[in-house]
Enquirer: 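Quick one: the structure is below, questions incoming.
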Amino acid sequence: MTVDKDAETAQLQRVWDNPKGWRALSDVNNSVIGLWYIATAFAFMLFGGVLALIIRVQLFVPDNTLISAELYNQTFTLHGTVMMFLFAVPIFEAVAILILPGMLGARDLPFPRLSAFGYWCYLIGGVFVCGSIFFNAAPDAGWFMYPPLSTEQSGIGADIWLLGLSFIEVASIAAAVELIVGVLKCRAPGMHINLTPLYGWYVLVVGAMILFAFPPLIAGDILFEMERLLGWPFFDVTRGGDPILWQHLFWIFGHPEVYIIFLPAIALLAMIVPTFAQRPITGYSWIVLSALGTGFLSFGLWVHHMFTTGLPSISLGFFSAASEAVAIPTGIQIFAFIATVMLGSVVRSVPMLFCLGALAVFIIGGLTGVMVAVAPFDFQVHDTYFIVAHLHYTLIGGMLFPVMAGICYYYPLIMGKPLSRKLGIWSFWLMFIGFNTAFLPMHLTGMLGMPRRVFTYGADRGWTELNMLSSVGAFVFAAGFLLLAWDCLRPKKREPQVKRNVWNAGTLEWAARYGDTWGMRSIPEVNSRYPLWDDPDFMRKIDAGEGLLADAQEGRRETLVTSTLDARPVQVLRVGGPDWLPMIAAIGLGAVFIFMTFKLWLLTAAGGVLFLVAVLRWLWVGTAEIPEKDSKHIGQGIVLPLYVSGTRSTGWWAMFITMTGDLTAFLALLFGYFFFWTIHPNFPPVGIEGPGWFWPLVAGLLMGLSWGSTLAARFVNGSGKPATARLLLVLGMLTAILGGLALMAGPWTTGLDPTSHAYPAIVWALVVWIVAHLATGVLMQGYCFARSLYKKMTPTYDADLWNVTLFWHFVGFCGVLCALVIGAFPLLT
Amino acid sequence: MRGNRAHNEIERETGSGTDLWSVIIAPGIWAVHFLVCYVAAAIFCEKFGRDADLGGIRLTVIGATLIALLGIGWSTIRLWRVRGRSLTDDDFEYEHNTPEERHRFLSHVALMLCVLSAVAVLYVTIPMLYLTTCR
């Protein structure tokens, strides 16, 4: 049988075509969303950069009156917030969404609409947070929002920070889900885990870190907002709270976050350095080791931000030791890169300049990091400009320069046009010299005693010359950045399109042709780390459509799902096409967070309804769709199923990953409970009875029953009795509702007043968390009931029920644990 | 470049067993050990005051360290066998496209993580050996 290859190409083109005109906004394809994401991140970065320049102008001369102290507070708070939350973390998601599918040989990520949803959340939340400064309402208590300053002094700015950023964290977790499943399940056939591009490894590690790092901050945000909105005294010492709890929750997030920013950027180096050394990376397995090791150790460092809070010296000792230990894996990566450069024959290029600059700057930042990891030294420089210098060296060396290298490296691949080499070199040297002129003197300014975050200083302090130098450097740095931005944005109509694989790279993403929205013409079999170097015939085979899934006969967007370790093809996954629902859902959720800031409850509720309706419709119409046939041929005689449920499906893994993050947030709340127990001699405090053991016991049993019925419904449905399964689901819904009511009855009947003391407040917080999850669980059970009724879920096609059951495993566990803690723990003390 | 390197696979005994979960056993042990030490000491110092002698908690931490090192040691021995089997062909790149190669690669990464975790566990124990009170 001869196949018409041109007809195949035309069909692929039709199926993967980007929507045009105003419909372009409904696009979900990774190549488009990724580009929007990057552009937005850089727009925010420029905004944050302008704020930084305002800071430097203000500090240029002593006793400057350019801006007021209040505005200065807002400026540096927003600068830190924007750079960390709106640039450093999102740029990772942006770059990964854009280039990861190409690297893995996938046509798209497994959940394109989720990426789009995350993007819109990020855009709306970011504009909201940034816009506040134009109304003189920006957060002003520093980017880590320490109470009691932020609870007692700040105006609405703190709420904007808390709610705006919580909203943006949704985007991060969405991206983590998307990217982890992408790396584990969407690699090209044959791409065993030991052949996966290093970028994929880093993304995997960072995705997992997000799941354990962001939820504690979300939990902290919830407690914080409850204190500000409802007066629940979690951080108020006069009513049994403790501001240190916020510091713990913030830095359990905050320190891993530094590595969440650093690792994906260094991952770009791992892709760029081999290309320009024209040899495979040295010590592949050593780099994987250090990425994993850094990922773990980074969670043992958070207290080193709290060395001066008066914790026992033994606690400081533990964290100081771990902070020194993390230098080992970090150093291994750097040595592996240097070795690759030394063993190869280096091709001089702009991306390589940025790579080398990144290594130089980061090493300085790393070394000052080892210095401040030593507690007595930290006591001396804490909250001075030495810390400002240290953190900028790590972040700019560890993140900004590598990202710049990545931009210069991937620009021709994505845009099809070259960047100017001359402008690139100029830009690099301006940035490199400007950066060091600005930040190297800050080590000294800090040593001379200048505290960070002061809006001005006296001329007699002796800080004037150093500050002037820093300000000049900052502007040189900005000029270098703008030069590169201009080079990226300037019209290039007359320049020729670059040739394919312009840098002669060896990895898969460079096999893509500019302008192909479908990724690769056909999905190749991969059997080495650098297929483009090892197999001269590789690109021809892809283009000739000799690989897998070379067609889209049924007019659906499809990508391959492969097994986790050895990448054997297991399923053809149909992914979503252009759709407005992700954007509508994000607008709804955004409305919830934004209107809540201004206490406009009716509009908040309306936003909630919009979000819920959009998500339900999105799920109902676009997920777990029963295919028109069981399986399809994908070429080379391979036949794969179109529908998979349970542990082999991408959806199940997405649920598992999401709920792991959710569980972490719950554990962070529980940590709050036991933290209060630790610091109070009597806990529960004398005179406060409740919630008693009876109602928590009843609630625990009911929640367990609901959990059991959901699981039973899955088994019964699987064995071909959907009607009984529906009955069990109804039973599950009823017991879940009753369980939620019983859980609230405990603190309610014993009169626990959450505004009176931190104990009732944390008990209520745990209860509210579980009840919210039970409500979601009931909605899910109802959803499965309806799916089964409308024959969209059958005994064979039961992915919905599998995923809902998995959700219930987590909720059931958390619910029972919560009942145990609030009911039984007071009996023990 | 190196021609058909990837196609000249060396057939070896196919092993299995090392998956992503067993790669993170050793760092997982480090994490648990770290939390146990920190939480135990923090609670101890909070409940018994800043003048309390750390002697009461030191044995707990040393005990936890021994258990952690035993666990990491067990993991190391398990992985060492995998490495021993492959010493003959002098390959540390792990770049062939076979399940066996993937297995040996993950074993190699896991083995090195054992070393790193053991070092980190020891690091964390050191302060307990020379500090005397909660101050």
Side-chain angles (χ1 to χ4, degrees), chain A residues 184 190-195 204 208 278-280 283-286 288-290 292-293 295-297 299-300 303 310-322 324-326 328-329 332 506 525-531 533-536 564-568 674-675 677-681, chain B residues 1-7 9 16 19-20 23-24 26-28 30-31 34-35 37-39 41-47 50 54 57 61 92-99 101-106 108-113 116-117 119-120 122-128 130-131 133-135:
Chain A
L184 289 179
M191 192 187 272
H192 299 256
I193 199 99
N194 58 317
L195 303 180
L204 186 61
Q278 286 292 300
R279 56 156 288 130
Y284 176 93
S285 50
W286 291 82
V288 172
L289 142 91
S290 54
L292 282 163
F296 270 88
L297 292 178
F299 280 86
V303 167
L311 295 174
S313 49
I314 185 69
S315 298
L316 306 191
F318 290 145
F319 283 90
S320 190
E324 302 290 355
V326 79
I328 301 172
I332 292 174
E525 165 102 20
V526 173
N527 47 28
S528 84
R529 274 178 207 150
Y530 298 93
W533 286 346
D534 293 335
D535 182 358
T564 308
L565 291 178
D566 290 330
R568 279 186 301 271
F674 288 104
F675 178 84
W677 166 73
T678 312
I679 59 164
H680 288 292
Chain B
M1 201 138 283
R2 273 160 311 284
N4 286 330
R5 178 191 59 192
H7 301 291
E9 288 148 25
S16 56
D19 55 14
L20 288 174
V23 168
I24 58 174
W30 167 81
F34 183 81
L35 269 184
C37 293
Y38 167 60
V39 169
I43 293 177
F44 179 84
C45 288
E46 200 63 46
K47 294 292 179 194
R50 287 304 166 85
L54 277 175
I57 194 80
V61 167
F92 288 100
E93 284 292 332
Y94 310 106
E95 58 189 352
H96 300 285
N97 64 334
T98 60
E101 189 83 343
R102 174 263 302 163
H103 167 56
R104 291 182 336 109
F105 160 76
L106 287 178
H108 181 233
V109 171
L111 184 67
M112 291 191 294
L113 276 173
L116 179 67
S117 308
V119 170
L122 287 174
Y123 265 36
V124 169
T125 315
I126 292 171
M128 198 41 120
Y130 68 86
L131 288 178
T133 68
C134 279
R135 195 170 295 278

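Lettering of chains follows the sequences in order, A, B, ..., and the numbering in each one begins at 1. Just so you know, these numbers use all the heavy atoms, side chains as well, and skip hydrogens, waters and symmetry mates.
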Enquirer: Checking B:I43 against chain A: side chain, backbone, both or neither under 4.5 Å from a heavy atom?
Expert: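 Both backbone and side chain of B:I43 come within 4.5 Å of chain A.
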Enquirer: Aromatic ring centroids of B:F34 and A:F299 under 6.0 Å?
Expert: no
Enquirer: Report which part of B:I57 has an atom under 4.5 Å of a heavy atom belonging to chain A: side chain, backbone, both, or neither.
Expert: neither
Enquirer: Partners of B:T125 by side chain to side chain donor-acceptor pair (under 3.5 Å), sequence neighbours excluded?
Expert: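 With neighbours one apart ignored, the set is B:T65.
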Enquirer: B:V119 versus chain A, heavy atoms under 4.5 Å apart: side chain, backbone, both or neither?
Expert: side chain
Enquirer: Is the shortest side-chain heavy-atom distance between B:L116 and A:I332 below 4.5 Å?
Expert: no
Enquirer: Answer yes or no: is there a side-chain heavy-atom contact under 4.5 Å between A:I314 and B:V61?
Expert: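 In short, these two side chains do not touch, never coming nearer than 4.5 Å.
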Enquirer: Under the side chain to side chain contact (heavy atoms under 4.5 Å, CB included) criterion, do A:F675 and B:E46 qualify, and how do the steps go?
Expert: CA-CA 10 Å; A:F675 178 84; B:E46 200 63 46; over 6 Å; no
Enquirer: Would you mind checking which part of A:S320 comes under 4.5 Å of any heavy atom in chain B, side chain (CB onward), backbone (N, CA, C, O), both or neither?
Expert: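 No part of it gets close to chain B.
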Enquirer: Go through the steps for A:L184 and B:L20 under the test side chain to side chain contact (heavy atoms under 4.5 Å, CB included), then give the verdict.
Expert: CA-CA 10 Å; A:L184 289 179; B:L20 288 174; 3.8 Å; yes
Enquirer: Walk me through it: do A:F296 and B:I24 pass the test side chain to side chain contact (heavy atoms under 4.5 Å, CB included)?
Expert: CA-CA 9 Å; A:F296 270 88; B:I24 58 174; 3.7 Å; yes
Enquirer: How would you list, by chain and number, every residue that makes a salt bridge (Lys or Arg N to Asp or Glu O under 4.0 Å) with B:R50, sequence neighbours excluded?
Expert: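 Salt bridge (Lys or Arg N to Asp or Glu O under 4.0 Å) list for B:R50, sorted by chain: empty.
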Enquirer: At a heavy-atom separation under 4.5 Å, does A:V303 approach chain B through its side chain, its backbone, both, or neither?
Expert: side chain
Enquirer: Before giving the answer on side chain to side chain contact (heavy atoms under 4.5 Å, CB included), spell out for B:Y123 and A:I328 the whole-Å C-alpha distance, their side-chain angles and the decisive distance to 0.1 Å.
Expert: CA-CA 12 Å; B:Y123 265 36; A:I328 301 172; 4.3 Å; yes
Enquirer: Using the six-membered ring wherever Trp is involved, compare the ring planes of A:Y284 and B:F105 and label them parallel, tilted or perpendicular (cut-offs 30° and 60°).
Expert: tilted
Enquirer: Taking the side chain as C-beta and beyond, is there a heavy-atom pair between B:P99 and A:H192 under 4.5 Å?
Expert: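 B:P99 vs A:H192: side chains touch.
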Enquirer: Heavy-atom distances under 4.5 Å only: say whether B:C37 touches chain A with side chain, backbone, both or neither.
Expert: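 Its backbone and side chain both get close to chain A.
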Enquirer: For A:L195, is it the side chain, the backbone, both or neither that has a heavy atom under 4.5 Å from a heavy atom of chain B?
Expert: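 Contact with chain B is through the side chain of A:L195 alone.
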